Protein chains: 2
Amino acid sequence: MTAVAALPPKGRIRQAQEAVILRAAERVFARRGFSGATVADIAAEAALPKSTVHYYFGTKEALHRAVLDDILALWLEGTEAIRPEAEPHEALAAYVRHKMQLSAERPDASRVFANELLHGAPQIDDALRGGLRALVHEKAAVVDAWIAAGRMAPVDSTHLFFTVWAMTQTYADFAPQVAAVLGCHTPLPAAEQRRASTHVERFVLRACGLSAPDSPPHDLQGPIR
Amino acid sequence: MTAVAALPPKGRIRQAQEAVILRAAERVFARRGFSGATVADIAAEAALPKSTVHYYFGTKEALHRAVLDDILALWLEGTEAIRPEAEPHEALAAYVRHKMQLSAERPDASRVFANELLHGAPQIDDALRGGLRALVHEKAAVVDAWIAAGRMAPVDSTHLFFTVWAMTQTYADFAPQVAAVLGCHTPLPAAEQRRASTHVERFVLRACGLSAPDSPPHDLQGPIR
DNA sequence: GTCTATATCTGGATAGAC
DNA sequence: GTCTATCCAGATATAGAC
């Protein structure tokens, strides 16, 4: 109808099928990596014939790229709390909680992203040097302003982001290591997940000089088991 | 000669060849992952014919396992500083510096290990639940004793290790992300590497209530809430 | 639009000459 | 011990029936 649409408007069926395939692909790429995943695996996970996957996405690489694009959008969310007028303690706590929640609820997304970075980011390096870089610079400036105003301890604002990402995503990406040390299974039981989240939040806040004065609840401490 | 040797003693040549192959394999597995790496790649990297690799290690999986075993040994090092009589500030600072140095000097080892964890640790789960778990329990007990003695702030001692590993290894495993945000290349220039190391060390020490008397320009025990 | 059947290629592994 | 030549399983991608 409209002359504006450069691409053919996607039908309802197509959209639904693509969504099913993308979710299946995320799970399979997370488990096996890009090279280890096969189109047959993905088709089986989506309960579709192999050729249907090729019909909708063409190649395995194009499908992988589509999965990554979705994940990157997810990654750029969650920084809204970090704005000049906000309270540093509240803003950083909210950001850490958001990241821990993402790590717990979308571990496969985190793993696909991690795998891409681990192998040199061949497909999303451009996006990282574009959107991600700009976002971090903007938010780092906010943190720097807080520091200059004496509202939090001096930390390297850019590396603060690397640090928070690393601490939160480790529970998704390297879950087998965490589970092995804790002697439990993966995914982590809800109680362990809460303990992790509490730890990371308090750790970051204290490192930023934003911790509440005292009173650690004793039940959250102590050796495991 | 000796009846003690259960396995045939490795000849000089064999040992040298195996070492060459192991180093080449570490580089290739780091770049391409287990599934993405081919024996032909590894052989080319080692400047040997493909069959020689098979001759020494049998299968690609066995070679991968050998690489992982070497790396795991490297991973278990570096905790000697953490012992009851030590000064918490010194011990933790030394451990963080050791890990940052490892991340900078052996990034490929870190990446091979990360890739294995990312895909469920199929080959080293047993080792993690054995040696690694025992080591962390032992060292976490030391940290707990420091906390009980009021020598550092209360942190979850087990998760402290997850946190330190995550923060330090992120500079090896996810280098493309760091480089993209900083607008530089990978590996990171030496100056950026030092900046990262300084950040992580200060971050951890402050989170553990061990920050040096170095010029916090304001009250770190913020009154917030 | 969807699926069966198949062409084509890649890569792990080995046989056997040297 | 070392390397060339080769085998064969498994994977991507497509042709063509429905």
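Predicted, not measured: the structure shown is a model, and the values here were computed from it. A, B, ... follow the sequence lines: proteins, then strands. Residue 1 opens every chain.
Across the protein-nucleic acid pair, A:Tyr55 atom OH and D:dA15 atom P stand 15 Å apart, rounded to whole Å. In this entry the distance linking CD1 of A:Ile42 with P of D:dA13 reads 11 Å, nearest Å. One interatomic measurement links the two molecules: CD of A:Glu18 to C1' of C:dG1, which rounds to 13 Å at whole-angstrom precision. As a whole-Å value, the separation of B:Ile21 CD1 from D:dG1 P is 12 Å. Computed from coordinates, the A:Lys60 NZ to C:dC9 P distance equals 18 Å when rounded to whole Å. Rounded to a whole Å, the CG atom of A:Leu63 is 10 Å from the P atom of D:dA13. In this structure, CZ of B:Arg32 is placed 12 Å from P of C:dG12, rounded to the nearest angstrom.
Distance from the side chain of A:Thr38 is smallest to D:dT12 among C:dC3, D:dC3, D:dT12. Residue B:Leu48 has its side chain nearest to D:dC3 when only C:dG1, C:dG12, D:dC3 are considered. Among the nucleotides C:dA13, C:dT4, D:dT2, the one closest to any side-chain atom of A:Pro49 is C:dT4. Among D:dC3, C:dG12, C:dA5, the nucleotide with an atom closest to any side-chain atom of A:Ser51 is C:dA5. If you check C:dT2, D:dA13, C:dA13 against the side chain of A:Lys50, the one that comes closest is D:dA13. Checked against C:dT2, D:dT14, C:dG12, the side chain of A:His54 finds its nearest nucleotide in D:dT14.
Within 6.0 Å of CZ in A:Arg133 there are more than 12 heavy atoms belonging to other residues, nucleotides or ligands. Residue-environment remark: CZ (B:Arg31) exceeds the threshold of 12 foreign heavy atoms within 6.0 Å.
Among the heavy atoms of the strands, none lies under 4.0 Å from B:Glu61. Residue contacts for A:Tyr56: at a heavy-atom cut-off of 4.0 Å it reaches the sugar-phosphate backbone alone, with no base atom in range. Heavy atoms of B:Ala43 sit nowhere under 4.0 angstrom from any nucleic acid atom.
A sub-4.0 Å separation between OP1 or OP2 of D:dT2 and a side-chain N or O of B:Gln17 is present. Phosphate contact (OP1/OP2 of C:dT2, side-chain N/O of A:Thr52, threshold under 4.0 Å): absent.
Atom CH2 of A:Trp75 and atom CD of B:Gln177 lie 9.5 Å apart (nearest 0.5 Å).
With contacts defined as side-chain heavy-atom distances shorter than 4.5 Å, the pair A:Asn115/B:Asn115 qualifies.
A cation-pi arrangement is absent between B:Lys139 and B:Phe161, since the terminal nitrogen or guanidinium carbon is not both under 6.0 Å from the aromatic centre and inside a 45° cone about the axis.
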